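Values in this document were obtained by computation on a predicted structure and should not be read as measured data. So that the names make sense, note that chain A is the first sequence line, chain B the second, and so on, each numbered from 1.
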Amino acid sequence: MRTEHAGENLAALGPRHWARVEGWGMAVSALGYLHQPESIDELRALFALARESATPVTLRGGGRSYGDAAIGEGCLVADVSRMNRILSWDKETGIVETEPGVTIEQLWKRIIPDGWWPSVVSGTMFTTMAGCAAMNIHGKNNYRAGTFGDNVLEFDLLLPNGDIVTCNREQNADLFHGAIGGFGMLGCFTRLKLKAKKVHSGFLRVEAFNTRSIPHMIEEFEERVEDADYLVGWIDCIAGGRGLGRGTVHSANYLPPGEDPNPRESQVLSVQELPNAIMGVPKSLMWWPLSYFTNNLGMRAINTAKYHAGNIIPRGAMHLQAHAAFAFLLDYVPNWKWSYRPTGLIQYQSFIPAETAAGAFEKLLRLSQKAGLPSYLGVFKKHRPDPFLMTHALDGYSLALDFRVTPRNRAALWNLCHRMDDVVLDAGGRFYFAKDATLRPHVVEQYIPADNLRAFIELKHRCDPHGLLQTDLSRRLFGEQFA
Amino acid sequence: MKLKKKCAIIVGASSGIGAAVARRMAREGWTLALVARREEALADVAADIARRTNREAPRIYPHDVTDFDAVPALFDRIVADLGGLELVLYTSGIMPDVGPEEFNFAKDRQMVEVNLLGMMAWLNEAAHLFSRLGGGTIAGISSVAGDRGRRDRPGYNTSKGAQAIFLEALRNRLASRNVRVVTIKPGPVATPLTEGLGNMPFMISANEAARQIVRALGKSHGTVYVPLRWAAIMTVIRHIPSIIFRRMGI
């Protein structure tokens, strides 16, 4: 413990702020000094304290990163979730300005009654604007709407030295393209200006159908790329043999103007809210029965049932679904991660160019099955490149694989991830820090284009010459390069 | 950032069960912070522990548990001094004599303040810290006297029963944060609290109580009767219908 600092510093680093902060997947955690500043001044004071006491700072938003991207052993953890005011909202232009801790939930609830929807959302609504920008998150419409950063118009960034810099595509453009996707390494977002998407109904038209394999799923995606606004695939990662890579595609479209005769009626919150019970069981308790299925046998049963249920729906059948219900699948069962207690889960998401994707993803599935560590949930998405230095997005596909962590499988699981890294690198693929817990420095050096990495490290040295901003992830992957 | 292992706070460590538990835990290698009202008695316990363990004496913190407002700052100071914390045990308790014809609010209030409110002040601090750290053990000494409202001691029964409810609620609240909350319900123990009350059933020594309590602190996730036979006895007593219980004279 640091006890050498007197007075105020001692209090800020004292027991009242000690906290074991977890990655969302619960598989990694770190002991730090948790602070929840409520204003820019408080945040700036925290940075000053960090400089004086030579204690690094870890920036944290909603804490939804699966791995160690928002935790830092021995760090002052600056959790911005209390800086959560929507500063302005223009319902004519769809431009919104927010503080960093505003969640996607706050945002969509504020704008949908006016006929707008956030341009890019994650699978959970509990991520914050700062977190979304820092990780440059994507949604099920990445191939059309780009990443979160593509829809940011401007932001203010508080640098470790206390200065605030305004960045957009013209002004401080290098910092704009570095800080978005910069995983909290350059400064803390204090204001973000975003562009929302006009919608003409509270509903989407959704079509669901099964696919036999990953090549088949890609084929179906390619056919719909021009027309569908959202595309997402679920993959049964346990099925082997002829069933390898089988899954279900959900394709969704905004309703064109005029088709919904009373858009106002469907754009109210009561229509958008997720249901409170699933089959009579209160949602808040669902993680408990689910915990009996988070094993190879139980998940095989669930995946098989889910796949065959998908076969029952006649092909081409469409149904209307509220935006929130379609977008926030992960929030259907609150705290579903608790079914992975006590040791949690990790997610392994890789992004692979379209031409090599099918073969590489099949290899990943086979590797995990052969290791006896099948993924319990596989989610498939399409992406497009963006201009951000450290981005994960590329012209291709991603597969996100959830793996249960246990004390016994931990070493084998990490080893499996490392072997999967080789497959992804061979296929020219990339990774995503919001999901990562297992990458190693040489993998990162290989997948990030050398020019981008060099430019980012230069930015890091310029904005944060003393390496004040750190996370367990940054130490694991960049160590000395950022110091 | 490393927190020191095996650090504990014992509130009410100057005599009785608290002092006996302190001696025992010190012998098992715990680093202790001892809290109680009487500084001299506390210093004696600390010096005794230092002698027996051949280690540095535990730090002592004189404090009146009814000085509720002082608790947060004192708690922080102790935790910072210790450099870590894994366990907090609240043992402070009083049981003034109450005559059969006596209805004395001042005494009742005192018991609620020392036995219950003091415990709430201290264990809330512990709960707050442990929930942030994702681990730790919280324990309080309730009593078999908290299981029924008896004719002899309305105020004492109330304070002890309420302690047990509070500890149960903390346990439920903190279960998802990996924090254990242990309710200890001793039967009669030979301590200053029971001095002069004559021969009580199944009375045990403070050292024996401490042995059983320390064992329970290491593993229990719930309520522990000390000694165990009280679990059976109280199960019966709890189920005696009120209409019979009031005629029984116990």
| said: Parallel, tilted or perpendicular, judged at 30° and 60°: which one describes the rings of W287(A) and W338(A)? | reply: perpendicular

| message | Using only non-hydrogen atoms and a strict under-4.5 angstrom cutoff, which residues of residues 108-129 of chain B touch chain A? | response | E125(B), H128(B), L129(B)

| message | Would R410(A) pass as a cation-pi partner of W414(A), given that its NZ or CZ must be under 6.0 Å from the six-membered ring centre and within 45 degrees of the axis? | response | yes

| task | Ignoring hydrogens and angles, state whether a donor on the side chain of S122(A) or T124(A) is under 3.5 Å from an acceptor on the partner side chain. | result | no

| In terms of heavy-atom proximity below 4.5 Å to chain A, should S131(B) be classed as side chain, backbone, both, or neither? | neither

| Is there side-chain contact between I141(B) and P186(B), with heavy atoms separated by less than 4.5 Å? | yes

| query | What residue pairs, at least two apart or across chains, pass salt bridge (charged side-chain N to carboxylate O under 4.0 Å, His left out) with a residue in residues 20-35 of chain B? | reply | R23(B)-D48(B)

| message | Between S176(B), G135(B), G134(B), who has the most heavy-atom pairs with chain A when the cutoff is under 4.5 Å? | response | S176(B)

| field | Residue selection (most heavy-atom pairs with chain A, distance under 4.5 Å) from V79(B), L85(B), D76(B) | value | D76(B)

| field | Distance-only donor-acceptor check, side chains E99(A) and N84(A), under 3.5 Å | value | no

| message | I'd like to know if the side chain of R180(B) pairs up with that of T137(B) as donor and acceptor (distance under 3.5 Å, no hydrogens or angles considered). | response | yes

